[in-house]
Amino acid sequence: MQWEVVIGLEIHTQLATQSKIFSGSATTFGSEPNTQASLVDLGMPGVLPVLNQEAVRMACMFGLAIDAQIGKRNVFARKNYFYPDLPKGYQISQMDLPIVGKGHLDIALEDGTIKRIGITRAHLEEDAGKSLHEDFSGSTGIDLNRAGTPLLEIVSEPDMRSAKEAVAYVKAIHALVRYLGICDGNMAEGSLRCDCNVSVRPKGQAEFGTRCEIKNVNSFRFIERAINSEIQRQIDLIEDGGKVVQETRLYDPNKDETRSMRSKEEANDYRYFPDPDLLPVVIEDSFLETVRAGLPELPTQKVERFQSQYGLSAYDANVLAASREQADYFEEVARIGGDAKLAANWVMVELGSLLNKLGVEIDQAPVNAELLGGMLLRIRDNTISGKIAKTVFEAMAAGEGDADSIIESRGLKQVTDTGAIDKMLDEMLAANAEQVEQYRAADEAKRGKMFGFFVGQAMKASKGKANPGQVNQLLKAKLEG
């Protein structure tokens, strides 16, 4: 039987506010347990929550960026459930009247096509604390530093049909919230977490299958693996005569499998009701216009500009605009070096390879945009060849200085003196007289293959310093002569 996969995602983004959503406690990651939990966060009797306006502003930024309806009157509700790291016995969230309504986000797929993913809603809520199971001799420790941290939960439509599409969507959300500056996107620290709702149905069937939710997946790689594992589990179960049960599951990356966590709750299980301690939030048009005026250039806008302004392909533009830091780096290199396509190649290939090797982000690159742009100038004015440039780049990465000082100290300046190249070619051809005769006796097809041999010998003789363009031109004339 042919199966179709249906995927919807809930992405929890931790908003980059300095304080929590309903208290003045700090939100710094990594502090000693329970040092950033106020009486409000602890749910002590008699304390009252006060809404953080910055969290509202950030939510509105996201809503405007996805062309969504903004809830001009949105309401906070109590989501009631018991868990040890939830001191109040309820979570303050939004249910019927969220701050961000229906919107959409376009994602680029591997084949270059663009797919629009619907976004159902995005609502503000507070995070819970954290249960710690290690180092407590069979007991559980509770750290409430995270309790009350502002989250924006982004709920997609079930529009994705493969794990790769889901990853592309999460990457697009990740890039967007970082462009907006509303979330640092650090998945290792839990700043961006994903719940994956997965179901399968026979191809051609309109009705959705029974879905299972995989909770708190925190890396792009694990999202893809968790979804594929759950897809296979559901297909195997149905084909063996079983039925998928709606439930919440966890992904075990070591075993590459999902396992049951608990039966899936419905909204009415949480007994949502409006929080009596918080007034409805009324957003005025003037506030929204101020937020709109402060929006940065968004990833999709940057991709379009990179294609029109710099003549880049859609693929290159998407790669370079994947993060705000990388896009800014590229533009600075292009400005200094004066050649956008050359800059794009060096940023994507050589710099990308270096960053992968070192395991660092672009803002920690040992070769900054000014250094790389300066080196591209030396390629463009024929001071060095593209091959020698790789040696210069490695030296810059090792901290040996800028391109000019490395070229000078290592004697890497390209030989462009026609007389010197001419003499070197004569010596090289004399040393390979037999091959020259074979070349001249060969037909046009064979000559093309043999020409590369002479180019290689010429570059070897010049230790890579001869200008490749001049070598090719002079060599062809000599061989043809």
Side-chain angles (χ1 to χ4, degrees), residues 10-59 62 76-94 99 122-154 173-174 177-178 180-195 215-219 222 248 250-251 261-262 270 275 277-278 361:
E10 300 166 16
I11 299 175
H12 296 80
T13 55
Q14 179 177 320
L15 297 179
T17 56
Q18 296 299 304
S19 58
K20 296 184 179 179
I21 188 168
F22 299 119
S23 79
S25 301
T27 56
T28 312
F29 179 82
S31 299
E32 284 296 310
N34 298 309
T35 56
Q36 295 181 173
S38 69
L39 296 178
V40 174
D41 308 321
L42 295 171
M44 291 298 179
V47 296
L48 293 172
V50 178
L51 178 60
N52 185 339
Q53 181 176 309
E54 185 66 2
V56 174
R57 186 186 70 83
M58 289 180 172
F62 178 79
F76 283 98
R78 291 186 180 182
K79 179 181 180 180
N80 296 272
Y81 66 95
F82 171 79
Y83 212 70
D85 56 20
L86 193 70
K88 296 192 294 286
Y90 61 86
Q91 177 191 29
I92 301 176
S93 182
Q94 293 185 319
I99 189 165
H123 60 263
L124 285 168
E125 64 183 20
E126 60 179 349
D127 206 348
K130 187 175 184 181
S131 298
L132 307 170
H133 305 292
E134 299 84 17
D135 305 323
F136 288 98
S137 304
S139 300
T140 296
I142 304 295
D143 179 9
L144 294 174
N145 278 350
R146 205 172 67 182
T149 299
L151 300 178
L152 183 67
E153 181 175 342
I154 304 160
I173 290 285
H174 185 266
V177 296
R178 292 186 68 195
L180 294 170
I182 65 174
C183 175
D184 64 19
N186 191 325
M187 299 177 81
E189 294 181 0
S191 297
L192 192 142
R193 314 190 291 273
C194 186
D195 298 342
K215 290 291 284 187
N216 289 333
V217 193
N218 65 351
S219 80
F222 287 166
T248 300
L250 289 176
Y251 175 66
M261 181 182 174
R262 60 175 182 262
Y270 292 114
D275 193 306
D277 292 336
L278 287 161
E361 297 297 326

Non-hydrogen atoms of [X] and [Y] that approach each other most closely:
X	Y	result
Pro33	Asp143	CA-OD1, 3.3 Å
Val40	Pro49	CG1-CA, 4.4 Å
Thr17	Thr27	O-OG1, 2.9 Å
Ile182	Phe62	CD1-CB, 4.0 Å
Ala16	Gly181	CB-O, 4.1 Å

**Asked** Does the salt bridge (Lys or Arg N to Asp or Glu O under 4.0 Å) test come out yes or no for Lys20 and Asp41, once each step is laid out?
**Response** CA-CA 9 Å; Lys20 296 184 179 179; Asp41 308 321; 3.3 Å; yes
**Message:** Suppose we call two aromatic rings close when their centres sit under 6.0 Å apart. Are Tyr90 and Tyr83 close by that rule?
**Reply:**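 Between Tyr83 and Tyr90, which both carry aromatic rings, the centre distance is not below 6.0 Å.
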To the nearest 0.5 angstrom, please state how far the [atom1] atom of [X] sits from the [atom2] atom of [Y].
X	Y	atom1	atom2	answer
Arg178	Ser191	CZ	OG	10.5 Å
Asp277	Ile92	CG	CD1	7.5 Å
Lys79	Glu125	NZ	CD	6.0 Å
Asp275	Gln91	CG	CD	11.5 Å
Leu144	Asp127	CG	CG	11.0 Å
Arg262	Thr248	CZ	OG1	4.5 Å

With heavy-atom distances below 4.5 Å as the criterion, would you say the side chains of [X] and [Y] are in contact?
X	Y	value
Thr140	Phe136	no
Lys88	Arg78	no
Asn145	Thr28	no
Glu126	Thr149	no
Ile99	Gln94	yes
Tyr270	Asn80	no
Phe22	Asn52	no
Ser131	Ile142	yes

Distance-only, no hydrogens or angles: does the [X] side chain make a donor-acceptor pair with backbone N or O of [Y] under 3.5 Å?
X	Y	value
Arg146	Gly129	yes
Ser219	Phe222	yes
Glu153	His123	no

**Prompt:** For Asp195, which residues count as a salt bridge (Lys or Arg N to Asp or Glu O under 4.0 Å) partner, sequence neighbours excluded?
**Reply:**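 With neighbours one apart ignored, the set is Lys215.
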**Request:** State which residue, out of Ser25, Ser23, Ser31, fulfils the side chain to side chain donor-acceptor pair (under 3.5 Å) condition with Gln36.
**Result:**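 Only one option passes, and that is Ser31.
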**Prompt:** Hey, mind stepping through Leu152 and Thr13 against side chain to side chain contact (heavy atoms under 4.5 Å, CB included) and telling me if it holds?
**Reply:** CA-CA 5 Å; Leu152 183 67; Thr13 55; 3.4 Å; yes
**Request:** Apply side chain to side chain contact (heavy atoms under 4.5 Å, CB included) to Leu51 and Val56, showing your working.
**Result:** CA-CA 8 Å; Leu51 178 60; Val56 174; 3.7 Å; yes
**Request:** Start with the C-alpha distance between Val47 and Leu42, add both sets of side-chain angles, then the distance that settles side chain to side chain contact (heavy atoms under 4.5 Å, CB included), and finish with yes or no.
**Result:** CA-CA 10 Å; Val47 296; Leu42 295 171; over 6 Å; no
**Message:** Within the supplied structure, the quantity of interest is the number of heavy atoms (other residues, nucleotides, ligands) at a distance under 6.0 Å from Gln53 CD; does it exceed 12?
**Reply:**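 Open: at most 12 neighbouring heavy atoms sit under 6.0 Å from CD of Gln53.
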**Item:** Test side chain to side chain donor-acceptor pair (under 3.5 Å) applied to His174 - qualifying residues, sequence neighbours left out
**Value:**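 For His174 there are no side chain to side chain donor-acceptor pair (under 3.5 Å) partners, ignoring immediate neighbours.
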**CA sep, side-chain torsions, deciding dist, call: Leu192, Asn186, side chain to side chain contact (heavy atoms under 4.5 Å, CB included)** = CA-CA 6 Å; Leu192 192 142; Asn186 191 325; over 6 Å; no
